[in-house]
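Let me begin by presenting the structure, written as structure tokens, before commenting on it.
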Amino acid sequence: MTAHQRNLSASIDPVKLDRLAEVAIKVGLQLQPGQDLLLTAPAAAMPLVRRVVEHAYKAGAGLVTPFFSDEELTLARYRYANDASFDRAAGWLYEGMAKAFGANTARLAIVGDNPMLLSGEDPTKVARASKANSIAYQPALEKIVNFDTNWNIIAYPSTSWAKQVFPDDAEDVAVAKLADAIFSASRVDQDGAVANWEQHNARLRERTEWLNGQRFHALKYSGPGMDLTIGLADGHEWEGGASTAKNGIVCNANIPTEEVFTTPHCRRVSGHVVSSKPLSYQGTLIDNISVKFEEGRIVEAKASRGEEVLNKVLDTDEGARRLGEVALVPHSSPISKSGLLFFNTLFDENAASHIALGQCYSKCFVNGDKLTPQQIAEQGGNKSLIHIDWMIGSAHTDIDGIHADGRSVPVFRKGEWA
């Protein structure tokens with residue numbers, strides 16, 4: 001670590017950073033004695049990685065195996081690789097990861113790369129590389145979306161990311177501000193973080209239990225630029241906060257999280273909706289997304305910025321134009337109150353109610369762990385190479401739950417739980 005890097009690292013509260021590592025292991029993963037851990041992180045996140053590994057071994061981890069990415073190495077590919085490189089991905093690596101997850105290895109991802117890293121690169125190459133990676137990643141992704149093992153995502157305030165969120169501040173100030181925002185959103189800015197997460201999970205569980213008791217047939221959204229009906233998958237189940245993976249371990253997949261979510265019926269979505277916040281996707285900021293659904297499929301899509309990239313995403317495969325997730329988040333969530341655009345879905349999706357294009361979660365079905373892919377499809381679950389969340393909720397959003405007999409029940413009024 002250079003002197004400059006040490007100075008920037010000094011901008012990050014070491015006590016809170018350690019709390020985040022502890023929460024990742026004890027709450028995010030609930031790592032079990034003897035369980036292996038596969039960890040991915042940007043090289044810049046080494047201070048957090050070291051603390052995570054320490055807490056993992058203290059919790060009895062069998063073996064922790066880290067994989068690192070680096071922004072300069074990523075950019076070197078776009079600058080010097082031959083054209084054929086962008087249609088390739090390390091399938092052998094993802095096959096190994098899938099094998100590890102199938103053998104009860106836990107999964108932890110630390111995010112923190114510059115979200116606009118690829119903004120100056122050829123968008124066609126970015127799209128090709130992304131598609132190749134998505135195809136190669138499928139064996140591992142299926143283990144994650146099906147909750148075969150306990151997994152978790154947390155964040156580290158890298159300098160390049162911090163300067164995107166706070167462009168007018170000096171590097172050390174930007175890093176300190178982003179660190180504080182991450183710690184606050186991740187609920188580790190106060191003592192007793194593990195207990196605080198238990199209370200937060202209990203509140204989210206109350207919401208999911210109410211929604212599951214209602215058994216709504218659809219959700220009706222109304223508000224500025226929004227007239228949307230989202231049918232819910234047959235036998236859908238709401239999830240939020242802590243979930244039980246197929247290996248029996250209760251984990252929090254995302255830290256932070258403010259959402260409750262389920263699987264929509266991919267063939268029963270109709271109407272139109274506009275995004276309430278920009279979507280940062282692989283170096284492109286896609287703003288003012290406006291789409292029209294017919295029979296579950298997006299038939300029109302526009303954006304004031306990044307429209308070309310949006311349409312490339314929608315053309316990924318047949319399932320990319322259909323929904324795989326619907327999530328409810330109150331406008332008063334801590335991340336919304338911060339007023340920040342993080343340029344990172346882990347945070348931005350927790351600022352507003354949102355929908356996700358692409359792959360559904362089999363976890364969000366009653367007895368989902370016992371359903372075959374064909375049964376999930378028959379019940380309305382979507383399949384795709386992508387899963388991309390974007391925000392549609394605001395302080396002006398009303399949502400009603402619609403029962404199969406047409407009865408309507410208020411769920412949200414003016415962006416808050418009714």
Side-chain angles (χ1 to χ4, degrees), residues 20-41 48-49 52-53 55-69 90-111 133-134 136-155 194 197 201 204 208 237 239-257 259 261-263 324-325 345-346 356 358-373 376 381 383 385 387:
L20 180 58
E22 181 182 20
V23 163
I25 295 300
K26 293 183 177 179
V27 177
L29 293 176
Q30 286 212 32
L31 195 71
Q32 301 298 297
Q35 189 178 24
D36 291 348
L37 172 62
L38 190 156
L39 186 157
T40 59
L48 178 56
V49 171
V52 164
V53 172
H55 280 286
Y57 282 124
K58 285 180 177 178
L63 178 66
V64 181
T65 304
F67 291 87
F68 294 96
S69 60
W92 56 268
L93 175 62
Y94 298 130
E95 288 170 6
M97 287 183 173
K99 185 176 179 180
F101 301 151
N104 198 41
T105 295
R107 166 80 165 103
L108 177 66
I110 298 175
V111 299
N133 200 65
S134 294
Y137 187 49
Q138 280 302 294
L141 179 63
E142 286 179 2
K143 300 289 186 185
I144 296 300
V145 298
N146 293 331
F147 262 90
D148 282 28
T149 192
N150 44 325
W151 58 276
N152 174 242
I153 307 175
I154 57 173
V194 172
W197 268 97
N201 279 329
L204 292 173
T208 61
E237 187 163 64
E239 296 280 346
S243 297
T244 304
K246 286 182 182 178
N247 61 4
I249 299 171
V250 178
C251 63
N252 270 79
N254 292 347
I255 289 179
T257 183
E259 65 176 338
F261 59 97
T262 195
T263 298
E325 179 189 344
T345 302
L346 178 64
Q359 180 66 40
C360 75
Y361 291 116
S362 63
K363 175 70 177 173
C364 292
F365 286 90
V366 176
N367 297 320
D369 58 337
K370 297 180 176 63
L371 298 177
T372 66
I376 288 172
K383 183 172 179 59
L385 291 172
H387 181 95

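These numbers come from the heavy atoms of this one structure, side chains and all, not from hydrogens, waters or symmetry mates.
Considering only heavy atoms from C-beta on, L93 comes within 4.5 Å of F67 through its side chain. Taking the side chain as every heavy atom from C-beta outward, S243 and K363 approach each other to under 4.5 Å. Contact of the Y94 side chain with the N133 side chain is registered, since non-hydrogen atoms from C-beta on lie closer than 4.5 Å. With contacts defined as side-chain heavy-atom distances shorter than 4.5 Å, the pair L38/F101 qualifies. Using a 4.5 Å heavy-atom cutoff, the side chains of T244 and I249 are not in contact. Between L346 and N254, the closest side-chain pair of non-hydrogen atoms falls below 4.5 Å.
For the pair H387 (side chain) and Q359 (backbone), a donor-acceptor distance under 3.5 Å is present. Judged by distance alone, the side chain of E95 and the main-chain N or O of W92 form no donor-acceptor pair under 3.5 Å. N201 contributes a side-chain N or O that, together with a main-chain N or O of A242, makes up a donor-acceptor pair within less than 3.5 Å. Judged purely by atom type and a 3.5 angstrom limit, N152 uses its side chain to pair as donor or acceptor with the backbone of N252. When atom types are taken as modelled, the side chain of Q30 and the backbone of G28 share no donor-acceptor pair closer than 3.5 angstrom. Panel note: side chain W151, backbone I144; a donor-acceptor pair is recorded below 3.5 Å.
The two atoms that bring G381 and C360 nearest to each other are CA-SG, 3.8 Å, heavy atoms only. Contact record, A56 with V64: CB-CG2, 3.9 Å, taken as the closest heavy-atom pair. The shortest heavy-atom contact between A136 and G91 is CB-CA, 3.9 Å. Annotation for A24 and I154: closest pair CB-CD1, 3.8 Å, computed over non-hydrogen atoms. Shown here for T208 and G240, the closest heavy-atom pair between the two residues is CG2-N, 3.6 Å.
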*Give the C-alpha distance, both sets of side-chain angles, the deciding distance and a yes or no for side chain to side chain contact (heavy atoms under 4.5 Å, CB included) between F68 and V49.*
CA-CA 10 Å; F68 294 96; V49 171; 4.0 Å; yes
*Step by step, would you call L37 with T65 a side chain to side chain contact (heavy atoms under 4.5 Å, CB included)?*
CA-CA 6 Å; L37 172 62; T65 304; over 6 Å; no
*Begin with the C-alpha distance, continue with both residues' side-chain angles, and end with the deciding distance and a verdict on side chain to side chain contact (heavy atoms under 4.5 Å, CB included) for Y57 and I25.*
CA-CA 10 Å; Y57 282 124; I25 295 300; over 6 Å; no
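A distance of 11.0 Å separates CZ in R107 from OG1 in T149, rounded to the nearest 0.5 Å. Taking NZ from K58 and NZ from K26, the interatomic distance works out to 8.5 Å, rounded to the nearest 0.5 Å. Residue L39 holds its CG atom at 4.5 Å from CG of L108, rounded to the nearest 0.5 Å. One finds the CD1 atom of I376 at 13.5 Å from the OH atom of Y361 (value rounded to the nearest 0.5 Å). In this structure, F147 CZ and C364 SG are separated by 8.0 Å, a value rounded to the nearest 0.5 Å. I110 CD1 to S69 OG: the interatomic distance, rounded to the nearest 0.5 Å, is 10.5 Å.
When the side-chain hydrogen bond (donor to acceptor under 3.5 Å, both in side chains) test is applied to D36, no partner is found at least two apart in sequence or on another chain. Partners of E237 by salt bridge (Lys or Arg N to Asp or Glu O under 4.0 Å), not counting sequence neighbours: none found. Remark: D148 engages K143, N146, K246 in a side chain to side chain contact (heavy atoms under 4.5 Å, CB included) (not counting sequence neighbours).
For the side-chain contact (heavy atoms from CB on, under 4.5 Å) with Q35, the lone residue among T105, L29, N247, L63 that qualifies is N247.
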